[in-house]
Amino acid sequence: MSRRRNRAELVVVGGGVIGLAVARVAAELELDVLVLERGRVGSEASHAAAGMLSPIGEALDPGPFLDFGLRSLRSYPAFAVELEEESGVEVGFEGGGKVRVALSPAEEGRLRRHHAWSARSGFTTRWLDPAELARAEPAVAPEARGGLLIEGDCRVDNRALVQALLISARRRGVEIREGEPVRGVQGEGGRIRGVRLSDGGIVEADTVLLAAGAWCAELEGLPFPIPIRPVRGQAVSLRPAAPISGRVLESEEVYLVPRRDGRLIAGATVEEVGFRRELTAGGQASVLTAAIALAPELANARLEESWAGFRPGTPDGLPILGEDPDMAGLFVATGHFRNGILLAPETGRTLAHAIAGSGEDGPPEAFSPSRLRKARA
Ligand code: FAD
Ligand code: GLY
C-alpha cells in the first residue's frame, strides 16, 4: 500500500490554473513540489472562465495590471506551444483580437475614451465607425454605434489549458494530490513549517504557496486574513448554426468568445452573493438577453451548457502575489479576479522564481501582500 508523503520543499494549496502554473515552473527550477487540491484539479474558477486574454480590454487605465497583463500575453504563444508539446493537449490558443461594440451613446463615449488612452500608450486599437463595423462584423446588431477593435487580444480554451498544465506539471515531477482539503498553515517563530490537512494530518514544507483562489480567506493559521471575496460569474455555452465571428465580440453587458469546435461562450454576470453556486433565472436571462442584443442571430443558437464560478476578488482589484511579510516562506498567489487565465504564465514564472530565490524578477511590488496590510492599518 502506498503511503502519503508528509514532507515537500514546496506545498501548493489549490490546483487551479494559478497553483498549477507556479508548480510547473517551480519543478523546472528543481524544487520538490506537492500540490494539494481539495476537489478535482481545475474544476473551479479556472473551469468557469471564458479564456479571453485581454489586457488592454480589461485594464481601466495604464498601470501595473496592464503592464503585467501585457507581459503575460506576450509570453502566451511560447507557453502554449511548450504546454502542447509536453502534454499532447491542444490548448486552443488563438489571436484574432476583440471588438468592443458600443450599443448606446454612453457606451460609445466610454469606448472612445478607452481608445484615446490606449492609442496614446501606443497600442494598436482602431475605432470602427458603424459602416466599418457592419463590414467587419456582420453579425453585430445594425443599430450599433461603432466599435473598438483591439487587434492584439487573444484567447485560449481554459479547460484544455488546465488539463495541459496538469499533465505537464506531473511530467516535470510535481506530485498532485486531489481530494485533499487543506485546513490551514502551520508556522513557528515567524517561519512557515507546513500545512494542516482537514483530516488532521500534517505536511511539512520549507515553503507554502496559497493558491486556493476565492477560498484563500478560509484557511486557518494565517498571520493576517487574506482579503479575498468570491464574485460569482454565470456563463453559458451556445452553438450557433455557423460561426458568427472569428473574433471575441463584447458589449458592456456580455462577451462572446468563439471556440474552435463551433461553440460560443457567453458571459458573464458579476455578482456579490458569496459562495452561492446556484444558477439563477435572472442571471441566465441577463447573459442571454445581452448576447442576443449584441448579435441578434444568436436567438436561434442552441443552448448547450450553463455554469457559475467564483472569481477571487480583492479590495483594490489587483492580484495578491508574493511572500507574506510576517511569515517567512509563506507565499500567496490569488486575487486574479477576472484575469487569472491571462495572468497565469507571468504569475507562474515570477512566483516560482521568487520562491526558488533564483535572483530573477519576482512579482511586482504593487501586488505584494503587504500593501493590503498597510491599507488596513
Ligand atoms: P481557482 O481556479 O478557483 O482554483 C482554486 C483551487 O483551489 C480550486 O481548485 C479549489 O478547489 C482549490 N481549493 C480551495 N480551497 C482549498 C483548500 N482548503 N485546500 C485545497 N484546495 C483548495 N480570466 C481570464 O483571464 N479570462 C477570462 O476570459 C475569464 N473569464 C472568466 C469568466 C467567469 C465566469 C469566471 C468566474 C472567471 C473568469 N476569469 C477569466 C477569471 C479566472 O477564471 C480566475 O481569475 C482564475 O481561474 C483564478 O484561478 P485560481 O487558480 O486562483 O482559482
Ligand atoms: N474576464 C471575464 C470574466 O471574468 O467574466
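Values below: every heavy atom of this structure, side chains too, minus hydrogens, waters and symmetry copies. Atoms within a ligand are numbered from 1 in the order they appear, just like the ligands themselves.
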Point to revise | Any N or O of Pro312 closer than 3.5 Å to N or O of ligand 1 | key: no
Exercise for review: Enumerate the atoms of ligand 1 whose separation from the nearest heavy atom of Leu219 is less than 4.0 angstrom.
Suggested key: 18 (N)
Check your understanding: atom 26 (N) of ligand 1: which protein heavy atom is closest, and how many Å away?
Key -> Met52 O, 2.9 Å
Check your understanding: Considering only protein heavy atoms, which is closest to atom 20 (C) of ligand 1, and at what distance to one decimal place?
Key -> Arg38 N, 3.2 Å
Exercise for review: Please list, by chain and number, the protein residues whose heavy atoms come under 4.0 Å of ligand 2.
Suggested key: Met52, Glu58, Tyr255, Ala268, Arg311, Arg338
Review point. Any Lys/Arg nitrogen of Arg172 or Glu86 sitting under 4.0 Å from an Asp/Glu carboxylate oxygen of the other?
Key: yes
Study note, to complete from the structure: re atom 8 (C) of ligand 1, the protein heavy-atom contact at minimum distance is Glu37 OE1, 3.5 Å
Study note, to complete from the structure: If you compare Ala212, Gly69, Pro181 by their heavy atoms, the one closest to atom 13 (N) of ligand 1 turns out to be Ala212
Check your understanding: Would you call Glu204 and Arg193 a salt bridge, using N to O less than 4.0 angstrom?
Key -> no
Check your understanding: Short N/O distance, under 3.5 Å, between Glu44 and ligand 1?
Key -> no
Point to revise | Student check: side-chain heavy atoms of Leu249 and Val257 closer than 4.5 Å | key: no
Review point. For atom 4 (O) of ligand 1, what is the nearest protein heavy atom, given as residue, atom name and distance?
Key: Gly16 CA, 3.4 Å
**Study point:** contact_flag Gly51 ligand 1 heavy-atom lt 4.0 Å
**Key:** yes
Point to revise | Set of side chain to side chain donor-acceptor pair (under 3.5 Å) partners for Arg74, sequence neighbours left out | key: none
Review point. If you draw a 6.0 Å radius around CZ in Arg239, do more than 12 non-hydrogen atoms from other residues or ligands fall strictly inside?
Key: yes
Review point. What do you reckon, does Val13 have a nitrogen or oxygen under 3.5 Å from a nitrogen or oxygen of ligand 1?
Key: no
Practice item. Check each atom of ligand 1 against the heavy atoms of Ala268 and keep those under 4.0 Å away; list them by number with element. Key: 34 (C)
Review point. Are there more than 12 heavy atoms of other residues, nucleotides or ligands under 6.0 Å from atom CD of Glu278?
Key: yes
**Study point:** Ala333 N/O under 3.5 Å from ligand 1 N/O
**Key:** no
**Study point:** Sub-4.0 Å atoms of ligand 1 with respect to non-hydrogen atoms of Ala211
**Key:** 5 (C), 7 (O)
Review point. Glu44 and salt bridge (Lys or Arg N to Asp or Glu O under 4.0 Å): which partner among Arg311, Arg38, Arg159, Arg232?
Key: Arg38
Review point. Considering only heavy atoms from C-beta outward, does the side chain of Phe331 approach that of Leu10 to under 4.5 Å?
Key: no
Check your understanding: Is it true that the side chains of Glu305 and Ser237 contain a donor and an acceptor less than 3.5 Å apart?
Key -> no
Review point. Is the Phe79 ring parallel, tilted or perpendicular to the Tyr76 ring (thresholds 30°, 60°)?
Key: perpendicular
Check your understanding: Mind checking whether Ile355 and Leu31 have side chains closer than 4.5 Å, heavy atoms only?
Key -> yes
**Study point:** Residue pair Ser75 / Glu346, side-chain donor-acceptor N/O under 3.5 Å
**Key:** no
Review point. Under 4.5 Å between any side-chain heavy atoms of Leu34 and Val12, yes or no?
Key: no
Check your understanding: Which of the atoms of ligand 1 are close to Ile18, meaning less than 4.0 Å from one of its heavy atoms?
Key -> 49 (O), 50 (P), 51 (O), 52 (O)
**Study point:** Subset of ligand 1 atoms that lie under 4.0 Å from at least one heavy atom of Leu36
**Key:** 20 (C), 21 (N)
Exercise for review: Measure centre to centre between the rings of Phe367 and Phe68, then say whether the value is under 6.0 Å.
Suggested key: yes
**Study point:** Side-chain donor-acceptor pair present, Glu151, Thr124, cut-off under 3.5 Å
**Key:** no
Exercise for review: Kindly determine whether Ser198 and Arg183 satisfy side chain to side chain donor-acceptor pair (under 3.5 Å), including the steps that lead there.
Suggested key: CA-CA 5 Å; Ser198 287; Arg183 174 164 300 171; 4.6 Å; no
Practice item. Report, in ascending order of atom number, the atoms of ligand 1 lying under 4.0 Å from any heavy atom of Phe337. Key: 41 (C), 42 (C), 44 (C), 45 (O)
Exercise for review: Give the residue, atom name and distance (to 0.1 Å) of the protein heavy atom nearest atom 30 (N) of ligand 1.
Suggested key: Ala50 N, 3.1 Å
Exercise for review: Pick whichever of Gly39, Pro319, Gly233, Ala48 has a heavy atom sitting closest to atom 33 (C) of ligand 1.
Suggested key: Ala48
Check your understanding: Which of the atoms of ligand 1 are close to His336, meaning less than 4.0 Å from one of its heavy atoms?
Key -> 45 (O)
Point to revise | Which residue and heavy atom of the protein sit nearest atom 37 (C) of ligand 1, plus the separation | key: Arg311 CG, 3.6 Å
Check your understanding: Does the side chain of Thr125 come under 3.5 Å of the side chain of Ser118 through a donor N or O and an acceptor N or O?
Key -> yes
**Study point:** Protein heavy atom at shortest distance from atom 15 (N) of ligand 1
**Key:** Trp215 CB, 3.5 Å
Check your understanding: For atom 38 (C) of ligand 1, which of Ala49, Ser72, Gly15, Gly42 has the closest heavy atom?
Key -> Ala49
Practice item. For Ser286 and Glu253, run side chain to side chain donor-acceptor pair (under 3.5 Å): C-alpha distance rounded to whole Å, both residues' side-chain angles, the deciding distance at 0.1 Å, then the answer. Key: CA-CA 8 Å; Ser286 70; Glu253 306 299 326; over 6 Å; no
Practice item. Examine the proximity of ligand 1 to Tyr255 and report which part, side chain or backbone, both or neither, has a heavy atom under 4.0 Å away. Key: side chain
Check your understanding: Out of Gly340, Gly213, Ser46, whose heavy atom is nearest to atom 47 (O) of ligand 1?
Key -> Ser46
Check your understanding: Would you say Arg338 and ligand 1 have an N/O pair spaced under 3.5 Å apart?
Key -> yes
Point to revise | Top protein contact for atom 19 (N) of ligand 1, by heavy-atom distance | key: Val182 N, 3.0 Å
Review point. Any N/O of Ala45 closer than 3.5 Å to an N/O of ligand 1?
Key: yes
Check your understanding: In the single-linkage hydrophobic clustering (I, L, V, M, F, W, Y; side-chain heavy atoms under 4.5 Å), do Leu372 and Leu222 co-cluster?
Key -> yes
Review point. Is the CZ atom of Arg40 crowded by more than 12 outside heavy atoms at less than 6.0 Å?
Key: no
Point to revise | ligand 1-proximal atoms of His47, by part, heavy-atom distance under 4.0 Å | key: neither
